[in-house]
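First up is the structure itself, then whatever we jot down about it.
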Amino acid sequence: MSSTEIATKTTTTTLSPYTFVEKITAPMDSTKRSNDSVSDSQYWRYDVSQKRQKYETGQTDKMCFKFVSSGSCPHGEKCHFRHDIDAREQCRRGVCFDFLNKGKCERGPDCNFKHNLLDEGDRHPSRRPGSGRSKECWFCLSSPNVETHLIVSIGEIYYLALAKGPLVEDHALILPVEHMPSTLSMSSESEIELSRFQSSLKSYCRSQEKEVIFFEWASIRGTHANLQAIPIPSSKAVMVENVFNLAAQKLGFEFVAKTFDSISDGRKFLKTQIHGGSSLFYAQVPGGTILLHHVEENEKFPAQFGREVMAGLLNMADNADWRNHKHSKDEEMKIVENFKSRFQEYDPNC
C-alpha cells in the first residue's frame with residue numbers, strides 16, 4: 001500500500017493507542033550507561049539544548065532521527081521520539097531531515113537534500129532525475145545503504161564507525177553526518193567535535209599501548225568525507241614518517257612536513273591548504289607532525305595510498321585491499337559491540 005492509502009481514514013477509525021505521551025522520569029543512576037545502552041541524543045543532529053529540554057519535559061513532538069534515517073531504532077516502542085513512517089519514506093527519497101522535522105533547514109541552498117515533500121508522482125523513478133547524493137552514499141545517515149550496525153557513536157556533526165574490511169582491529173572512521181567531500185571543507189565550528197573524536201581515539205589507543213594514525217584523501221572528486229584512524233603498536237610509531245616518505249619517493253613526490261603543538265593547530269593549517277579546485281592527501285602521525293601532499297589534477301594518486309602504506313608498515317600486504325578482509329554482518333556486529341564496551345569511557349558522546 002502507498003503511504004496515502006495507509007493514511008486514509010475509514011468511518012470505523014479509532015484513536016491509536018500509541019499516541020498517548022507518557023511523562024518521562026530519569027532513572028536515579030543516570031551518570032553511567034550500561035555497555036548496551038545508547039544515548040538518545042546520539043540520534044539527533046541539531047539544537048542540543050532544545051532536545052534535552054524536550055526530553056526532560058516529556059514532549060515527544062520531534063521525530064527519531066535513527067528511525068527516519070535507517071528504518072529502525074534500538075529503543076523500539078520505548079523510544080522517546082516519534083517513529084514516522086511517512087517521514088522515513090520522504091527521507092529515502094532525498095528530503096532533508098531538518099525540513100521534515102522542523103519545517104525549515106538553516107543550511108538553505110547549501111543543503112544537499114530536497115526542501116519539499118514529494119507526492120506519488122515525484123516518487124516515480126522516471127520523474128526523479130536527481131534524488132540527492134545521499135540515496136546511494138554508503139556513509140550518509142539518511143541513506144538506505146548506510147550500514148548502521150557499524151556505527152559506534154553519533155555526535156551533532158560527526159559520527160564514529162568501525163571500518164568495513166578493517167586493516168587492523170579497531171580501525172575506525174570519523175565521518176560527517178551530512179554529505180561533504182572532505183573534513184577540511186566543513187565549517188570551523190565543526191572542528192571542535194572532530195578534535196574531541198580524535199583525542200578520544202588517541203587516549204583509547206594509548207590505553208591499549210598503541211598510537212593512532214589519522215589520514216584523509218581529500219579529493220575534488222571525492223564522495224563522502226572519511227578521516228581514517230588506524231591503531232599501530234607504539235613500538236612502530238617512530239617508523240611511520242619514514243615509511244610514508246619512502247612510499248612518496250616511489251610515486252615521485254615529497255611530503256611537506258610540519259609539526260604542531262596540538263590537533264587543533266594542525267587542523268587550522270590544513271584548512272588553509274584546501275582550495276576549490278585542488279585535492280590533497282595528509283597524514284597526522286605521532287609527535288604532532290602532519291605530512292601533506294597537494295595532488296595535481298593529472299597526477300595518478302592511489303585512492304588507497306594511506307591504507308597501503310600502513311599495510312606495508314604492519315606487514316599486512318594482504319589486507320591492503322579492504323575486500324580481502326571482510327567479515328559477515330554477524331561478525332561485524334560482535335566486533336562493534338566489543339569495541340563499544342572498551343571505548344565507552346573515552347566516548348565523547350557518553
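Just so it is clear, the values below take in all heavy atoms, side chains as well, and ignore hydrogens, waters and symmetry mates.
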Quiz item: Listed by chain and number, what are the side-chain contact (heavy atoms from CB on, under 4.5 Å) partners of S199, not counting sequence neighbours?
Solution: I263

Exercise. Report the C-alpha separation of C73 and F81 in whole Å, then their side-chain angles, then the decisive distance to 0.1 Å, and conclude whether the side chain to side chain contact (heavy atoms under 4.5 Å, CB included) test is met.
Key: CA-CA 10 Å; C73 171; F81 306 104; over 6 Å; no

Quiz item: Do any N or O atoms from the side chain of N338 and from the backbone of K334 form a donor-acceptor pair under 3.5 angstrom?
Solution: yes

Quiz item: Once you round to the nearest 0.5 Å, how far does OG of S328 lie from CD of E331?
Solution: 3.5 Å

Quiz item: Can you check side chain to side chain contact (heavy atoms under 4.5 Å, CB included) on H293 and V295, steps first, answer last?
Solution: CA-CA 6 Å; H293 173 55; V295 182; 3.7 Å; yes

Exercise. Indicate the ring-plane relationship of F281 and F305, choosing parallel, tilted or perpendicular according to the 30° and 60° boundaries.
Key: perpendicular

Quiz item: Is the shortest heavy-atom distance from the side chain of F97 to the side chain of V68 under 4.5 Å?
Solution: yes

Check: residues 238-247 side-chain donor-acceptor pairs under 3.5 Å, at least two apart:
unit_1: N245; atom_1: ND2; unit_2: E241; atom_2: O; d: 3.2

Practice problem: Walk me through it: do N226 and H224 pass the test side chain to side chain contact (heavy atoms under 4.5 Å, CB included)? | Solution: CA-CA 6 Å; N226 60 92; H224 195 115; 5.9 Å; no

Self-check item: L184 reachable from F255 in the ILVMFWY side-chain graph, under 4.5 Å edges
Solution: no

Exercise. Before giving the answer on side-chain hydrogen bond (donor to acceptor under 3.5 Å, both in side chains), spell out for S195 and S264 the whole-Å C-alpha distance, their side-chain angles and the decisive distance to 0.1 Å.
Key: CA-CA 7 Å; S195 292; S264 59; 5.6 Å; no

Quiz item: Hey, does L291 have a side-chain heavy atom less than 4.5 Å from the side chain of V256?
Solution: no

Self-check item: Path from M186 to I192 over hydrophobic side-chain contacts below 4.5 Å
Solution: no

Quiz item: Does F260 share a hydrophobic cluster with L227, counting links as ILVMFWY side-chain heavy atoms below 4.5 Å and allowing steps through other members?
Solution: yes

Quiz item: Counting N and O atoms only, with roles assigned by atom type, does the side chain of H325 sit under 3.5 Å from a partner on the main chain of P166, one being a donor and the other an acceptor?
Solution: yes

Quiz item: Side chains of N101 and C96: closer than 4.5 Å at any heavy-atom pair?
Solution: no

Quiz item: With distance as the sole test, does R82 use its side chain to make a donor-acceptor pair with the main-chain N or O of K62 at under 3.5 Å?
Solution: no

Practice problem: Using the test salt bridge (Lys or Arg N to Asp or Glu O under 4.0 Å), find all partners of R342 that sit at least two apart in sequence or belong to another chain. | Solution: E169, D170

Quiz item: Do Y204 and M310 belong together in a cluster built from hydrophobic side chains that touch within less than 4.5 Å?
Solution: no

Quiz item: Under the salt bridge (Lys or Arg N to Asp or Glu O under 4.0 Å) test, which residues partner D265, sequence neighbours left out?
Solution: none

Self-check item: Y346: partners by side-chain hydrogen bond (donor to acceptor under 3.5 Å, both in side chains), with sequence neighbours left out
Solution: S207

Quiz item: Between E193 and E156, is there a donor-acceptor pair closer than 3.5 Å when you use the side chain of the first and the backbone of the second?
Solution: yes

Exercise. Determine whether E216 and Y282 make a side-chain contact, defined as any pair of heavy atoms from C-beta on separated by less than 4.5 Å.
Key: yes

Quiz item: Any side-chain heavy atom of T183 within less than 4.5 Å of one from L175?
Solution: no

Quiz item: Does any non-hydrogen side-chain atom of L251 lie less than 4.5 Å from one of P302?
Solution: yes

Quiz item: Can you name the side-chain contact (heavy atoms from CB on, under 4.5 Å) partners of L314, sequence neighbours left out?
Solution: L167, V168, I232, P233, K236, M316

Practice problem: With sequence neighbours left out, write down each residue that passes side-chain contact (heavy atoms from CB on, under 4.5 Å) with H149, or none if nothing qualifies. | Solution: E147, K329, E332, M333

Quiz item: Quick one: does S190's side chain get under 4.5 Å of Y158's, heavy atoms only?
Solution: yes

Exercise. Just do the side chain to side chain contact (heavy atoms under 4.5 Å, CB included) check on Q198 and F214 with the steps written out, would you?
Key: CA-CA 8 Å; Q198 287 188 274; F214 297 101; 3.5 Å; yes

Quiz item: How long is the span from the CD atom in Q228 to the CD1 atom in I174, to the nearest 0.5 Å?
Solution: 10.5 Å

Quiz prompt | Atom pair CG (N319) and CZ (R307), whose distance is rounded to the nearest 0.5 Å | solution = 6.5 Å

Quiz item: Residues two or more places apart in sequence or in another chain: which of them pass side-chain hydrogen bond (donor to acceptor under 3.5 Å, both in side chains) with H327?
Solution: none

Practice problem: State which residues pass side-chain hydrogen bond (donor to acceptor under 3.5 Å, both in side chains) with S188; sequence neighbours excluded, sorted by chain then number. | Solution: none

Quiz item: Does K202 NZ have over 12 foreign heavy atoms under 6.0 Å away?
Solution: no

Exercise. Kindly work out whether a path of hydrophobic side-chain contacts (I/L/V/M/F/W/Y, heavy atoms less than 4.5 Å apart) joins L150 to I230.
Key: no

Quiz item: Residues in side-chain contact (heavy atoms from CB on, under 4.5 Å) with S219, at least two apart?
Solution: W217, R221, S279

Practice problem: Sequence neighbours left out, what passes salt bridge (Lys or Arg N to Asp or Glu O under 4.0 Å) with E191? Give chain and number order. | Solution: R267, K271

Quiz item: So do the side chains of R206 and E211 get within less than 4.5 Å of each other, counting heavy atoms only?
Solution: yes

Self-check item: N145 side chain vs W138 backbone, donor-acceptor pair below 3.5 Å
Solution: no

Exercise. Check side-chain hydrogen bond (donor to acceptor under 3.5 Å, both in side chains) between S234 and all other residues, then give those that pass, not counting sequence neighbours.
Key: none

